[in-house]
Participant: 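Have a look at this one before I ask anything.
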Amino acid sequence: MQEEPKYARLWRIVAAIPSGRVAAYGLVADLAGLPGRARLVSRALRAAPAERDLPWHRVLRADGRIAFAPGSQAARTQIMSLRDEGVVIKGHRVDMRRFGWRPTLGDLMSLPY
DNA sequence: CCATTGACGCAGG
DNA sequence: ACCTGCGCCAATG
């Protein structure tokens, strides 16, 4: 049996983040079984094929801040997508207590391949 | 092969 | 709230 490639495992977690909720890079890594590898998540997202259509905009820094520089095109796109889903952004950040995704074990167990 | 670079996170000060 | 340092490590030059 072969181990699922790291990027694919990260992509699966990101794909599971529900609309209207957000998750930190570090949480995505943890849930993918790669604790301490937050930076790998950013790499995986850059490398993700567009066809996969991942909700990358739902991934933020641990403190709720948008990872991209304020005013950058990427940040504006991300903010727009989040607002479309009802996520409130103030001062370039999101209130993680309100919008943070907290999956149950059941959620994780029933992830599609 | 060595150095630098990040869509990061956390502990300190 | 802001800054600094360190751990992390695949990718890039």
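Lettering of chains follows the sequences in order, A, B, ..., and the numbering in each one begins at 1. Side chains included, hydrogens not; waters and symmetry mates left out as well; all remaining heavy atoms used.
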Participant: Hey, what do you get for CH2 (A:Trp101) to CD1 (A:Ile17), rounding to the nearest 0.5 Å?
Facilitator: 6.0 Å

Participant: Decide whether A:Asp107 and A:Thr104 meet the rule of one side-chain donor and one side-chain acceptor closer than 3.5 Å.
Facilitator: yes

Participant: Can you work out whether A:Arg39 or A:Arg43 has the more 5'-proximal nearest nucleotide on DNA chain C?
Facilitator: A:Arg39

Participant: Quick one: A:Leu10 CG to C:dC8 P, roughly how many Å, whole number?
Facilitator: 18 Å

Participant: Mind running a 4.0 Å heavy-atom check of residues 54-89 of chain A against DNA chain B and sending the residues that fall below it, in number order?
Facilitator: A:Trp56, A:Arg61, A:Ala62, A:Ala67, A:Phe68

Participant: Between which nucleotides of DNA chain B, read 5' to 3', does contact with chain A run, using atoms under 4.0 Å from its heavy atoms?
Facilitator: B:dG6 to B:dC10

Participant: Quickly work out the A:Arg37 CZ to C:dA11 C1' distance and round it to whole Å.
Facilitator: 12 Å

Participant: On DNA chain C, check which nucleotide each of A:Arg46 and A:Gly36 is closest to and give me the residue with the more 5' one.
Facilitator: A:Gly36

Participant: State whether the side chain of A:Arg93 and the backbone N or O of A:Gly64 hold a donor-acceptor pair below 3.5 Å, judged by distance alone.
Facilitator: no

Participant: Indicate yes or no for a side-chain donor-acceptor contact from A:Trp11 to the backbone of A:Ala44 under 3.5 Å, with no hydrogens or angles considered.
Facilitator: yes

Participant: Can you tell me if CZ on A:Arg102 sees more than 12 non-hydrogen neighbours from other groups inside 6.0 Å?
Facilitator: yes

Participant: Using only atom types and a distance under 3.5 Å, with no angle test, would you say the side chain of A:Arg65 pairs donor to acceptor with the backbone of A:His92?
Facilitator: no

Participant: Mark yes or no for whether A:Gln78, through its side chain, and A:His57, through its backbone, hold a donor-acceptor pair below 3.5 Å.
Facilitator: yes

Participant: Hey, what do you get for CZ (A:Arg21) to CZ (A:Arg98), rounding to the nearest 0.5 Å?
Facilitator: 10.5 Å

